[in-house]
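Quick notes on the structure that follows.
Quantities reported herein were computed from a predicted structural model and do not represent experimental measurements.
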Amino acid sequence: MLITLATTRLLAGTPALTTSVFGHVFTETEPVVVKAAAPEVQQERLVDYDAREVATRPVADGQADFGTLPPGYYEAVAGEAKLPLVVVVDPAKRVPGESRLGTDNAMSWLVKPEQFDGVAEVLHRCGLGYVRERLSWGQVEPQPGTYEWGKYDQAADALHSQGIGIYQIFHSSPGWSRTDHDSRAVPDDLRVAYGWAKTLAEHWRGKVTAYEVWNEPDIGFFSHPASECAAFQKATYLGFKSVDPDLTVLGPSMAHGVCAFAEGLAENGIGGYLDAWNYHIYADPSAYAPHLQRWRGFLDQHGMDVPAWCTEAGDRVDGPDGVLTEASRRHQAAFLSRAFASA
């Protein structure tokens, strides 16, 4: 199950609570110690998901020690201040082998580089075995043949160090690759696309094991016809495979379901240049199975004997200023527990 980190918004004048564990995600072998910033805090309570009191501890030397706890969601409470925290199963207890759980991470875009190591550790603690990352081609290669890997290397290193598989995606072209500078279209010369894919495969060999070369071209991330998207897919597929035949190369991710753009990709021979079909769905988990069956019918119709990967799924939650409300956290937890099982 994916745990989404949330900070606590406190009322003015109330004592802040915190821990020394990144994201407040503990394992069941670690004592849960909650620090109180205000000296007037004399005790802290711990409540569970249903607001039932688990324990009360005195504050000594500015902190309360609740000891080790069974896996679950908790909140530390002191006056009006609340701190959400999570205890997860000891990773050493997990069934050996690759985890089937993954998340659309985008750490390189959404997280500060100084937090990469912490986020990667939280993903590992929560049992996530695979992440979908993000990449800007124009940032990495601002001029032809000049590479600035920067935060993307840092993110890859942090995730790889935790044994997390990385699936990388990009969905724009550098301005220099087209005379009209349209980043939502493929380079004027497809040999540039081939060379870019080859460079990626060489640079991250052994770290990134799957690539997607365009996100949701059917809803506006791509400005040209499906025939050009298919040509780009072919060029990059050949570039990736020239370096590492074992790399998994996904097709462009489809947002709309079976549609004219998907038909256009199939009619332009994309089926021989991908290892998995790639689609997204934002709906109740009860819709997952029928949606997949429609895609399987599409793949069978076009003779594509490949797996179908659902690489984005979710539901809307509200979080003013990026802080999830209590109602949103509860909705998200209920949604995720159904979504992963249904998927």
Side-chain angles (χ1 to χ4, degrees), residues 1-19 21-28 32 34-38 41 43-57 64 66 69-89 101-107 109-112 115 118-119 122-123 125-128 131-132 255 280-289 291 310-343:
M1 179 177 178
L2 171 64
I3 305 298
T4 296
L5 308 183
T7 57
T8 306
R9 180 170 296 284
L10 301 175
L11 300 176
T14 59
L17 302 176
T18 188
T19 75
V21 175
F22 186 88
H24 318 308
V25 178
F26 296 80
T27 70
E28 60 185 327
V32 174
V34 181
K35 301 175 183 178
V41 176
Q43 67 176 21
E44 295 177 14
R45 294 187 302 120
L46 198 68
V47 299
D48 65 12
Y49 182 81
D50 296 311
R52 294 174 299 199
E53 187 169 299
V54 174
T56 300
R57 293 287 186 272
F66 293 97
L69 296 167
Y73 172 87
Y74 301 91
E75 288 183 358
V77 182
E80 295 295 320
K82 294 182 179 180
L83 179 72
L85 57 93
V86 175
V87 178
V88 297
V89 174
L101 299 182
T103 183
D104 189 8
N105 197 45
M107 184 170 79
W109 284 3
L110 303 178
V111 176
K112 295 177 181 178
Q115 296 179 324
V119 171
V122 165
L123 292 170
R125 288 179 171 221
C126 295
L128 277 296
V131 296
R132 185 174 185 247
H280 298 164
I281 181 171
Y282 285 82
D284 187 85
S286 62
Y288 290 1
H291 191 74
C310 178
T311 55
E312 273 190 36
D315 200 19
R316 182 177 177 81
V317 291
D318 293 320
D321 301 321
V323 181
L324 292 180
T325 64
E326 181 176 351
S328 286
R329 291 201 305 271
R330 289 175 175 270
H331 174 86
Q332 186 181 58
F335 175 83
L336 285 172
S337 61
R338 294 176 59 223
F340 273 123
S342 297

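Here the shortest heavy-atom pairing between Tyr282 and Ala313 reads CE2-C, 4.1 Å. Contact between Ile281 and Ala287 at its shortest, heavy atoms only, is CD1-O, 4.0 Å. Listed here is the closest heavy atom pair of Glu75 and Pro84: CG-CA, 4.1 Å. When every heavy atom of Tyr288 is checked against every heavy atom of Ala283, the shortest pair comes out as CE1-O, 3.8 Å. Across all non-hydrogen atoms, the minimal contact from Val25 to Cys126 is CG1-SG, 4.1 Å.
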Yes or no on side-chain contact (heavy atoms from CB on, under 4.5 Å) for Gln332 and Leu324, after CA distance, side-chain angles and deciding distance?
CA-CA 10 Å; Gln332 186 181 58; Leu324 292 180; 3.6 Å; yes

Show, in sequence, the C-alpha distance, side-chain angles and deciding distance for Leu128 and Asn105, and conclude whether the side-chain contact (heavy atoms from CB on, under 4.5 Å) test is met.
CA-CA 10 Å; Leu128 277 296; Asn105 197 45; over 6 Å; no

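The side chain to side chain donor-acceptor pair (under 3.5 Å) test applied to Asp318 returns no partner, not counting sequence neighbours. With sequence neighbours excluded, the residues that form a side chain to side chain donor-acceptor pair (under 3.5 Å) with Asp284 are Ser286, Arg338. Arg132 meets the side-chain contact (heavy atoms from CB on, under 4.5 Å) test with Asp104, Arg134, Tyr167, Ile169, Glu212, Asn215, Ser253, His280, Thr311, Glu312; sequence neighbours excluded.
Counting only distance, with no hydrogens or angles, the side chain of Ser337 and the backbone of Ala334 share a donor-acceptor pair below 3.5 Å. Judged by distance alone, with hydrogens and angles left aside, the side-chain atoms of Arg330 form a donor-acceptor pair with the main-chain N or O of Tyr49 at under 3.5 Å.
Side chains of Lys82 and Leu17 form no contact here, defined as non-hydrogen atoms less than 4.5 Å apart. Taking the side chain as every heavy atom from C-beta outward, Val54 and Tyr74 approach each other to under 4.5 Å. By the 4.5 Å heavy-atom criterion applied to side chains, Arg125 and Val21 are counted as neighbours.
With respect to His24, the side-chain contact (heavy atoms from CB on, under 4.5 Å) criterion is satisfied by exactly one of Val87, Val32, Val34, Leu85: Leu85.
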